[in-house]
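Before any comments, here is the structure.
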Amino acid sequence: MSSESITNYADFTNRLKLLFSKNPKNIIRTLENIFSMREIGNKTHGDLAEIGISEFINQFMYDYKSEHVGKDLYRAKEHEEDILVTNELDKNIQIPISLKAYGAGYLQLSTDKDAVLFPFLKNQFKKSNKITDKNTISQILNSPEIIQCFTLNVMPLIYDEKQKQCNIMIFDVEKAKSSIDEIAFIDAGETYDPTTETIIQRSGHKHPIILFLSERKYVFEVRYGNASANALQRGAWTHTENASEYFNSLTGGWISYRTNEVLVKMLGLALIASEKSHEEACILFQKEIDTFKENPNA
């Protein structure tokens, strides 16, 4: 990711964070409606989050416009981005964003589709399963393979279903990379215990990982990449709880949400209603949204 791309995405998320802080009801309402979609199916909320967040940007951010491009790009199988945000003040600035709607815990930051990242890292371990030399770590973190790994602008929508809480959390890649003082190879059948900060035996782990640590604490990991691995699971992962200090919350921390049963009922009715009634509903919805713009506390 170029420095310009990082700056553009940082500017956008800073604007979004400021908007959330000034008008929290709008984003809370939107997230409640998105996570209510889990009542329909475990993955439904992820697809509708792309539409919902894109529309939120269009309705409430006068200096940015968003286009939902996920399905077209997905069919091409070349990109992971779900929405494309354009700076209305400078049309040349376009920010592709991948939305991730995940439960609290492990979070995928990138997909190593070509299976080149893990083999590159595995080859760095010559005599030991640990790398602690500062120069070697710096060379690895600044390698084209690692840089390419973090080219994706990821916006994670994280939820804790038991606590009925949610959060929009951005992983600070540069902060994470600058903190790394150890890289460890964790073989199949092993895992890293963040409580004891040690490598322990654990059955069920079929593939190795490369673990990036700061003072023996978990920061992020790169998962397996051989032919037998699931291609969708290759790449960089982190953990929203074990690496919480490397996240910037756009929502100012965890916010409580409730399930909107009326929305679920409305969608059921909408699916068997006519296009004419859909048009009438859209007019009603837009009228209410316009009042939110005039009176954010409504």
Side chain to side chain donor-acceptor pair (under 3.5 Å) partners of Tyr257, counting only residues at least two apart: none

Salt-bridge present (Lys164, Glu161; N to O < 4.0 Å): no

Those residues that, when tested against Lys217, pass side chain to side chain donor-acceptor pair (under 3.5 Å) (two or more places apart): Glu197

Verdict with reasoning, Ile183 to Ile140, per side-chain contact (heavy atoms from CB on, under 4.5 Å): CA-CA 10 Å; Ile183 304 175; Ile140 292 173; 3.9 Å; yes

Between Gln139 and Gln124, a side-chain donor and acceptor under 3.5 Å: no

Lys65 and Asn87: side chain donor to acceptor below 3.5 Å: no

Between Tyr218 and Thr238, a side-chain donor and acceptor under 3.5 Å: no

Glu280 and Lys276 ion-paired at < 4.0 Å: yes

Any residue meeting salt bridge (charged side-chain N to carboxylate O under 4.0 Å, His left out) with Lys293, in chain and number order, not counting sequence neighbours: Asp290

Chi angles and distances behind the side-chain contact (heavy atoms from CB on, under 4.5 Å) call for Ile95, Tyr64: CA-CA 10 Å; Ile95 310 166; Tyr64 288 97; 4.3 Å; yes

Test of ring centre spacing under 6.0 Å for Phe20 and Phe56: yes

Side-chain donor-acceptor pair present, Asn167, Ser249, cut-off under 3.5 Å: yes

Lys130 to Phe125 six-membered ring, cation-pi geometry met (6.0 Å, 45°): no

